[in-house]
Participant: 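Please read through the structure below; I'll follow up with questions.
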Amino acid sequence: MSTAAPTTTPLPAEWRDFFALTKPRVMSLVVFTGLAGLLAAPGSIHPVLGFTAVLCIAMGAGGAAALNQWWEADLDAKMKRTHQRPLPAGRMDRGDARDFGLVLSGFSVMIMGLAIHWLAAIILAISIVYYAVIYTMWLKPRTPQNIVIGGGAGAFPPLIGWIAVTGEITLMPVLLFAIIFIWTPPHFWALALFVKTDYAEAGIPMMPVVAGEKSTRRQVLAYSVLLLATAMVPWAIGETGPIYGISALVLSAIFVALSVPVGLRSSQPEDGMKPEKRLFAFSILYLFALFTALVIDRMVLA
Ligand code: HEM
Ligand SMILES: CC(C)=CCC/C(C)=C/CC/C(C)=C/COP(=O)(O)OP(=O)(O)O
């Protein structure tokens, strides 16, 4: 009787694939907003501890992204934009991705708690669970409001950076949370408008698929106007000076201006979705620039 040993051909995962699993391009902005929260907070933190806190945010975000891809491997295989990721492309074992995500997430929370502050560690843990479980496993496959509610996950990093320095939650870091929370729907729906068919084919109830293009376009515009109002609050209440205030006004006005053609036009444009692509690209620049202005402003004020 031949007892064939199970085939255990190792998958050719390299360090590059593990790195890709952390969604480094997206997470660079997540980490940047965390760093900005840390630098904008009142008081100071030893540079080594500050670096450690930002590293923990990066590890936590990367770990959560790995768990997201472990859960969505079959879904990612169905979409043109994602089918080359390490799991759907068959370069990595699914269990390895899960273990990598769990270890990275666990370490990030533990180090944050032991070396920096337990409140920062708790919020980091909440944001990891929010992205990997609440958004990825629960909201995303169920409701077109997935981005609106799930957007909370990506809004935590500046709050975490701030708490790493001050050890407490005050109004200003909550406002930073609110800015990213309101920014997320127009950021994502601009993209979803030009990759709509991908989501439809994968059976994901993203807003343009469920509510239609017209409704999504109106909502992009509405959130952009709301973003302008929200971004102005730190200046209006005297938490920042004119460097932030004027930057926020100009950047948010451009955001609204770019949202107008997206929000008001017909649902069957024939120009290759240029305004939608422009708005998506600007949304990323917007957050980088806004948080840079915030840090400069608060450093000048201090
Ligand atoms: C639930 C919330 C969010 C969703 C669903 C979402 C979705 C996406 C998607 C699908 C992409 C396309 C790129 C890719 O294929 O990975 C993207 C790109 C990007 N997102 Fe988001 N995003 C969200 C929140 C955020 C947050 C909070 C940040 C940062 C603060 C962010 C920063 C970026 C950046 C920098 C890119 C460009 C990456 C590149 O150049 O390839 N996103 N987002
Ligand atoms: C500290 C911490 C845990 C931060 C988490 C930050 C966070 C939630 C970022 C969201 C970014 C993101 C890649 C969303 C993609 O949505 P998707 O996963 O639906 O996109 P996909 O279709 O490209 O997989």
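All ligand and atom numbering here is 1-based and tracks the order in the structure.
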Participant: Between Asn146 and ligand 1, which residue portion shows a heavy-atom distance shorter than 4.0 Å: side chain, backbone, both, or neither?
Facilitator: neither
Participant: Take every heavy atom of Tyr131, measure it against each atom of ligand 1, and state whether any distance is under 4.0 Å.
Facilitator: no
Participant: Can we say Asp74 and Arg94 salt-bridge, meaning some charged N sits less than 4.0 Å from an Asp/Glu carboxylate O?
Facilitator: yes
Participant: Please tell me whether Phe32 and Phe288 form a close aromatic pair, meaning their ring centres lie under 6.0 Å apart.
Facilitator: yes
Participant: Heavy-atom distances under 4.0 Å decide this one: backbone, side chain, both or neither, for Gln69 against ligand 2?
Facilitator: neither
Participant: Students should be able to answer this: which protein heavy-atom is nearest to atom 21 (Fe) of ligand 1, and at what distance?
Facilitator: His187 NE2, 2.2 Å
Participant: Counting heavy atoms only, which part of Arg85 comes closer than 4.0 Å to ligand 2: side chain, backbone, both or neither?
Facilitator: side chain
Participant: Should Lys140 be counted as touching ligand 2, given the test is an N or O pair under 3.5 Å?
Facilitator: yes
Participant: List ligand 1 atoms under 4.0 Å from Arg85, heavy atoms only on the residue side.
Facilitator: 15 (O), 16 (O)
Participant: Give the single entry among Trp71, Tyr131, Phe156, Phe188 that approaches atom 18 (O) of ligand 2 most closely by any heavy atom.
Facilitator: Tyr131
Participant: Identify, by atom number and element, the atoms of ligand 1 in contact range of Leu287, meaning under 4.0 Å from any of its heavy atoms.
Facilitator: 30 (C)
Participant: Just to be sure I'm reading this right: ignoring hydrogens, which of Ala65, Cys56, Ala153 gets closest to atom 5 (C) of ligand 2? Compare them by their nearest heavy atoms.
Facilitator: Ala153
Participant: Number the atoms of ligand 1 from 1 as they appear, then name those within less than 4.0 Å of a heavy atom of Gly154, with their elements.
Facilitator: 27 (C)
Participant: Would Ser215 and Gln219 satisfy side chain to side chain donor-acceptor pair (under 3.5 Å), going step by step from the backbone distance to the final call?
Facilitator: CA-CA 6 Å; Ser215 161; Gln219 294 188 63; 3.2 Å; yes
Participant: For atom 31 (C) of ligand 1, which of Phe188, Trp183, Phe181 has the closest heavy atom?
Facilitator: Trp183
Participant: Which option out of Lys23, Met27, Glu72 puts a heavy atom nearest to atom 20 (O) of ligand 2?
Facilitator: Lys23
Participant: Answer side chain, backbone, both or neither: which part of Val30 comes under 4.0 Å from ligand 1, heavy atoms only.
Facilitator: both
Participant: Taking distance alone, with N or O pairs closer than 3.5 Å, would you say Tyr135 contacts ligand 2?
Facilitator: yes
Participant: Can you see whether Tyr223 engages Ser259 through a side-chain donor-acceptor pair at a distance of less than 3.5 angstrom?
Facilitator: no
Participant: Name the option, out of Tyr199, Phe288, Phe280, that contains the heavy atom nearest to atom 18 (C) of ligand 1.
Facilitator: Phe280
Participant: Which one of Ile147, Ile149, Asp198 has a non-hydrogen atom at the shortest distance from atom 5 (C) of ligand 1?
Facilitator: Ile147
Participant: Are Phe188 and Phe194, when compared by the centres of their aromatic rings, separated by less than 6.0 Å?
Facilitator: no
Participant: Could you tell me whether some N/O pair between Arg81 and ligand 1 is separated by less than 3.5 angstrom?
Facilitator: yes
Participant: Has Tyr130 got any heavy atom lying under 4.0 angstrom from an atom of ligand 2?
Facilitator: no
Participant: Which of the atoms in ligand 2, numbered in the order shown and given with their element, are less than 4.0 Å from a heavy-atom of Ile128?
Facilitator: 3 (C)
